[in-house]
Amino acid sequence: MVIFTYRNYNGNSKALAEICLKQMLHRDVYLSYYGNGKPFVVDENFFVSISHTYKDIVIAISEKEVGIDIEYKKSRHYQNIADNMLKKDIKDIDEFYKEWTKHEAQYKHGGENGEFAYFNIFEDTQVTIFSEDTEYKFVPMESFIE
């Protein structure tokens, strides 16, 4: 699995994901979206998951189903969200963001088969990946985007 990362991006995430796919495959590849908003690669056997928070973006591309989520860690009243959405008692803000991104990554994946991986790619962010693919290669998009 390749996880593309970019800090301070403010463009179109679909177009950016297509650039990442082209960088990876050395040919034009196109994304579309299912009715539920989940992206898919047209006429290819790759799975894509996109997440952004403020101007930070991560794009996971894998040969297996994948879900990725990134959240900027900010001060907030997290226990109400944890009670209502996660149905868990959370001890602190770090645990909240780990559990929240875990929830979102699994939702984007769409299934039960996979393993969670947790990363702090950018300062003050939490990134969680859910997939059966557990080999990760991180590629900063600044290396090929001007």
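Closest approach of Met85 to Trp100, counting heavy atoms only: CB-CZ3, 3.6 Å. The two residues Tyr33 and Gly37 come nearest to each other via the heavy atoms CD2-O, 3.2 Å.
The hydrophobic clustering, which links ILVMFWY residues whose side-chain heavy atoms are closer than 4.5 Å, places Ile59 and Phe122 apart. Hydrophobic clustering, with ILVMFWY side chains joined whenever heavy atoms are under 4.5 angstrom apart, groups Tyr136 together with Val66. By the criterion of side-chain heavy atoms lying less than 4.5 angstrom apart, applied directly or through intervening Ile, Leu, Val, Met, Phe, Trp or Tyr residues, Ile68 is not grouped with Phe46; the two fall into different hydrophobic clusters.
Going from atom NZ of Lys64 over to atom CD of Glu135 covers 9.0 Å, rounded to the nearest 0.5 Å. Note: Ile70 CD1 to Ile129 CD1 = 10.5 Å, rounded to the nearest 0.5 Å. Atom-to-atom distance recorded for Glu71:CD and Asp56:CG is 11.0 Å, nearest 0.5 angstrom. A distance of 10.5 Å separates OG1 of Thr128 from CD of Glu104, quoted to the nearest 0.5 Å.
Scanning for salt bridge (Lys or Arg N to Asp or Glu O under 4.0 Å) contacts around Arg76 gives an empty result, with sequence neighbours left out. Legend: residues meeting side-chain hydrogen bond (donor to acceptor under 3.5 Å, both in side chains) with Lys38, ordered by chain and number and at least two apart, are Glu65. Listed by chain and residue number, Ser49, Ser51, Asp69 satisfy the side-chain contact (heavy atoms from CB on, under 4.5 Å) test with Lys108 (two or more places apart in sequence, or in another chain). For Asp124, the side-chain hydrogen bond (donor to acceptor under 3.5 Å, both in side chains) test picks out no residue, with sequence neighbours left out. The side-chain hydrogen bond (donor to acceptor under 3.5 Å, both in side chains) test applied to Lys55 returns no partner, not counting sequence neighbours. Taking Ser62 as the reference, Asp133 meet the side-chain hydrogen bond (donor to acceptor under 3.5 Å, both in side chains) condition, with sequence neighbours excluded. In this view, Tyr34 and Phe40 satisfy the ring pair (Phe, Tyr, Trp, His ring centres under 6.0 Å) rule, not counting sequence neighbours. Taking the ring pair (Phe, Tyr, Trp, His ring centres under 6.0 Å) definition, one finds that His52 meets it with nothing, sequence neighbours left out. With sequence neighbours excluded, the residues that form a side-chain contact (heavy atoms from CB on, under 4.5 Å) with Ile90 are Tyr78, Gln79, Ala82, Lys88, Glu95, Phe96, Glu99.
Contact check for Asp94 versus Lys73: side-chain heavy atoms found under the 4.5 Å cut-off. Put simply, the side chain of Ile3 reaches to within 4.5 Å of the side chain of Met1, judged on heavy atoms. Within the 4.5 Å cutoff, no side-chain heavy atoms of Thr5 are placed close to those of Val139. Looking at Glu123 and Arg7, their side chains come closer than 4.5 Å, going by heavy atoms from C-beta outward. In this structure the side chain of Ser13 reaches within 4.5 angstrom of the side chain of Ile57, judged on heavy atoms. Phe47 is not listed as a side-chain neighbour of His109, based on a closest heavy-atom distance of 4.5 Å or more. Annotation: side chain of Phe4 is in contact with side chain of Val2 (closest heavy-atom distance under 4.5 Å). Within the 4.5 Å cutoff, the side chain of Ile145 has heavy atoms near those of the Leu16 side chain.
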> How far apart are the C-alpha atoms of Val48 and Ile50, what are their side-chain angles, what is the distance that settles it, and do they pass the side chain to side chain contact (heavy atoms under 4.5 Å, CB included) test?
Replying inline: CA-CA 7 Å; Val48 175; Ile50 302 168; 3.9 Å; yes
>> For a side chain to side chain contact (heavy atoms under 4.5 Å, CB included) check, start with the C-alpha distance between Cys20 and Ile61, then their side-chain angles and the critical distance, and finish with the verdict.
In response: CA-CA 9 Å; Cys20 292; Ile61 302 173; 4.1 Å; yes
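Identified under the salt bridge (charged side-chain N to carboxylate O under 4.0 Å, His left out) test for residues 8-17, with sequence neighbours left out: Lys14-Glu18.
Looking only at distances, a side-chain donor or acceptor of Tyr9 sits under 3.5 Å from a matching main-chain atom of Asn12. The closest donor-acceptor contact from the side chain of Tyr97 to the backbone of Lys74 lies under 3.5 Å.
Within a 6.0 Å sphere centred on CG of Asn45, other residues, nucleotides and ligands contribute 12 heavy atoms or fewer.
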Validation: residues 110-120 side-chain donor-acceptor distances under 3.5 Å, sequence neighbours left out:
from	atom 1	to	atom 2	distance (Å)
Glu112	OE1	Gln106	NE2	3.4

Using residues 23-32 as the side-chain source, report each donor-acceptor pair under 3.5 Å to any protein atom, sequence neighbours left out, with the distance given to one decimal.
from	atom 1	to	atom 2	distance (Å)
Arg27	NH1	Glu44	OE2	2.6
Asp28	OD1	Lys22	NZ	3.2

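The side-chain contact (heavy atoms from CB on, under 4.5 Å) test with Phe138 singles out one residue from Ile121, Val127, Val58, and that residue is Ile121.
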